[in-house]
Amino acid sequence: MATAASLFNSLNPAQRKAVEAKDGPTLVIAGPGSGKTRVLTSRVAYLLAVRKVAPHRVMAVTFTNKAAKEMRERLNRMAGLAQAGEVAMGTFHSICARLLRRDAPLIGVDHNFAIFDADDQINVVKAALTELNIDDKKYKPAAIHGVISRAKNELIWPDQFRSKTYFEEVAGRVYGRYNQILRANNALDFDDLLMETVRLLQENPAVRERLQERYLHTLVDEFQDTNIAQYVLVTLIAGKHRNLFCVGDPDQSIYAWRGADYRNVMRLQEDFADLNVIALDQNYRSTQTILDAAMSVIRRNPKRRHIKLFTERGHGPKIVVRELYTEDEEAQYVVDTIRELVDQQAAEPGDIAVMYRTNAQSRAVEDAFVRAGMQYRLVGATRFYARKEIKDALAYLRIVNNPADSVSLRRVINTPPRGIGDKTFAQLEETARARGASIYDALTAGQHAGRSGKALADFAGLWQKWIALRDELSVGQLFDKIINASGYRDYVKDGTEEGEDRWANVMELRNVAIAAGDLPLGEFLNEVALVSETDNYDESASAPTLLTLHAAKGLEFRVVFIVGLEDGVLPHSRSLDNPEQMAEERRLMYVGMTRAKDRLYLLRAFRRSSWGMSEAGAPSRFLDDLPDELIDLGHRKRGATGRRDAQTAQQTWTPPAPRKPAPAEFAPGQRVYHQKFGEGMVLRSTRQRDDEEVEVFFEKAGKKRLSATVSGLKRIE
DNA sequence: CTTGCTACTCTTTTT
DNA sequence: GAGTAGCAAG
């Protein structure tokens with residue numbers, strides 16, 4: 001068992017300085033692999049063990065539940081810190097949910113409020129659009145929701161919302177209605193958890209003061225990823241004692257798209273003039289080669305403080321940069337290389353990760369693993385709690401916990417089919433509205449006529465019975481009851497193989513429900529709503545991990561493959577014309593590279609198929625930033641790797657079996673028509689195996705590189 | 001009301 | 001290429 005003392009002894013001087021910082025606001029700027037999490041944990045241990053701060057007076061906010069859990073486990077393992085369990089630890093969202101539960105009526109919801117996830121939120125936007133007679137073709141629910149979410153992250157209420165564009169003006173109207181629908185459902189969305197907590201504290205001095213008094217120390221991990229709402233929240237909580245201890249790295253800020261504002265780091269310096277800033281630049285993870293390469297990429301971002309990361313780990317192998325022909329060959333290269341590394345005992349399968357920009361890229365990699373008969377672990381992608389059967393099962397529990405939740409009701413009232421269709425449901429809603437009653441009251445109190453009458457009455461009976469049992473049964477018992485009585489079990493187990501898979505998922509959820517023990521239903525649902533996918537990541541399993549670059553944050557692996565190093569993939573195409581977003585892509589690349597301890601592979605495919613079409617992409621601009629001496633290009637010469645442009649790369653590519661070349665169909669200057677991009681002019685064309693690679697400038701879509709056969713490009717004579 | 005078919009959009013990244 | 005929304009027939 002570790003002791004607090006031995007923990008402190010293993011720290012370097014800079015880390016120690018941070019851990020033992022005197023009271024007051026402190027910001028630790030910590031580069032990748034510098035023991036950031038360790039510093040945060042040690043700080044908590046230090047406060048409890050040395051400074052004798054009572055554990056319940058410490059709040060530690062982490063980015064994922066997993067990080068919180070890890071910290072708690074570490075503290076619990078330490079001698080003399082048995083009461084570490086009392087430290088308030090969790091994500092912003094989970095901490096807010098806890099605070100709100102207590103004072104829910106003050107913000108206009110019941111104690112058993114529901115938390116609406118991304119799916120539910122989109123459904124609410126759709127409902128609002130329908131009510132306001134707005135065309136959801138023209139105003140995409142997801143885009144509207146994006147505007148609303150951004151506003152909420154910046155603490156802008158519907159009546160304060162100011163629009164700059166017509167689109168925003170529409171979104172602003174939807175925002176108001178959206179919030180009304182949420183409250184009618186006795187529900188909050190993710191963003192509300194933060195925003196309403198801030199409002200609760202700002203408008204209720206008694207609540208605020210109680211909280212401010214209680215938390216003597218507030219610690220925040222991954223500070224660069226906080227948004228405005230979160231920033232205001234922590235400064236409120238730490239407002240009295242001012243012992244705010246933040247740890248972060250602006251270079252690893254990769255969540256601007258969901259409202260994170262790394263300028264919070266600057267804001268902190270303005271708001272706390274006595275801020276104590278400590279920098280940690282020694283790296284304990286990667287080889288110097290990897291660090292130098294990562295720095296060469298991040299260095300090109302403007303407006304950043306220049307730090308030099310160093311390690312005592314030595315240089316290690318060069319970074320392997322390879323170009324493969326397609327994404328399938330790229331994936332095959334990954335699998336082959338992993339096999340070699342494992343054979344040579346250079347790494348265990350569990351030490352290896354494959355990272356990509358978008359979840360869609362995982363498929364090619366997965367296929368290669370399956371073909372090779374190799375085990376792998378996939379993080380994210382088909383998120384467990386996003387599965388239909390899981391959402392259905394949870395929706396049953398949700399309507400029992402919160403009868404006002406009509407979004408969940410709509411999900412399950414006709415699943416399995418009971419003869420209650422859209423029309424009947426709409427009538428039910430209308431009845432409720434006409435009587436000014438809740439949909440639950442309308443369903444259970446009313447006499448139902450017509451064909452669907454019996455079906456409605458039957459469902460009402462079931463629902464009432466479940467609610468009556470809510471406080472008597474444990475979540476697990478209730479779960480079993482509902483799944484059987486509702487007919488959902490037989491609906492899922494439809495005799496097919498997929499049906500069995502779905503049932504297995506439902507049973508997995510059942511295990512979670514049973515593990516909840518006597519936890520009240522409402523709290524169980526909150527917890528489930530706030531778990532993230534990486535929280536369930538099992539580090540002990542021995543197989544390579546497949547994950548997005550975003551999901552990789554905070555993790556480390558001996559060997560890292562980053563695939564899809566092409567302009568348009570990494571950096572992503574939606575970032576190419578925006579310098580701010582491009583800077584974020586660069587940070588994402590930096591995060592990915594610095595996950596590697598020993599070996600780093602940067603791969604790209606010459607052509608890649610995305611939504612049916614195979615297109616050649618230019619090499620990622622990030623590859624150009626790597627110094628020659630740090631990279632291993634294999635047997636090919638530099639310049640022939642496709643780092644410069646696709647054409648030189650194409651010349652060095654030797655097809656496995658040369659086939660007779662098809663005659664060139666397109667010459668520069670040729671007018672062409674494409675089904676999606678419209679009319680354009682050929683800029684250049686190169687033959688490619690038995691296909692033709694054509695670069696075309698389209699009037700509407702700009703410059704594109706296409707395959708003549710796959711794209712169905714037509715000549716206009 | 002349900003089922004099954006066709007047509008169409010879509011890809012960042014997630015608490 | 002895949003998932004879904006929308007429509008037509010039973």
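Excluded from the calculations below are hydrogen atoms, water molecules and symmetry mates; all remaining heavy atoms, backbone and side chain alike, are included. Here is how names work: the chains are called A, B, and so on, in the same order as the sequence lines, proteins then strands, and each is numbered from 1. Everything numeric in this text was worked out from a predicted model, so none of it was measured.
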With respect to the phosphate group of B:dT14, does any side-chain polar atom (N or O) of A:Thr548 fall under 4.0 Å of OP1 or OP2?
yes

If you measure from the ring centre of A:Phe63 to the centre of the six-membered ring in the base of B:dT15, is it under 5.5 Å, with the planes under 30° apart?
no

Within the supplied structure, the quantity of interest is the number of heavy atoms (other residues, nucleotides, ligands) at a distance under 6.0 Å from A:Arg267 CZ; does it exceed 12?
yes

side-chain hydrogen bond (donor to acceptor under 3.5 Å, both in side chains) with A:Arg411: which residues, sequence neighbours excluded?
A:Asp392

In whole angstrom, give me the gap between the P atoms of B:dT13 and C:dT4.
15 Å

Out of C:dG1, B:dT15, B:dT11, whichever nucleotide has its closest atom nearest the side chain of A:Ala360
B:dT11

Would you mind reading off the distance between A:Arg363 atom CZ and C:dG1 atom C1', rounded to a whole angstrom?
6 Å

To the side chain of A:Trp257, which of B:dC1, B:dT13, C:dA5 is closest?
B:dT13

Aromatic ring pairing A:His145/A:Tyr178, orientation class (parallel under 30°, perpendicular over 60°, tilted between):
tilted

Check the side chains of A:Asn186 and A:Asn112 for a donor-acceptor pair under 3.5 angstrom, ignoring hydrogens and angles.
yes

Could you list the protein-to-nucleotides 2-4 of chain B atom pairs, N/O on both sides, closer than 3.5 Å?
| from | atom 1 | to | atom 2 | distance (Å) |
| --- | --- | --- | --- | --- |
| B:dT2 | OP1 | A:Asn414 | OD1 | 3.3 |
| B:dT2 | OP1 | A:Asn414 | ND2 | 3.4 |
| B:dT2 | OP1 | A:Gly419 | N | 2.9 |
| B:dT2 | OP2 | A:Asn414 | ND2 | 2.9 |

Gap between atoms CG and C1', on A:Asn526 and B:dT15 respectively (whole Å):
14 Å

Picking from B:dT14, B:dT15, C:dA5, which would you name as closest to the side chain of A:His550?
B:dT14

Take A:Lys140 and A:Ile254, find for each the nucleotide of DNA chain B with the closest heavy atom, and name the residue whose nucleotide sits nearer the 5' end.
A:Lys140

Given 3.5 Å as the limit, does a donor-acceptor pair link the side chain of A:Thr594 with the main chain of A:Val591, or not?
yes

With nearest nucleotide decided by heavy atoms, which residue, A:Thr424 or A:Gln581, maps closer to the 5′ end of DNA chain B?
A:Thr424

Heavy-atom check, side chain of A:Trp157 versus side chain of A:Arg199, under 4.5 Å:
yes

By ring-ring contact (aromatic ring centres under 6.0 Å, His included) - contacts of A:Phe369 (at least two apart)
A:Tyr376

Would you say a side-chain N or O of A:Asn359 is under 4.0 Å from OP1 or OP2 of B:dT13?
yes

B:dT11 to C:dG6 separation - P atoms, rounded to the nearest Å:
16 Å

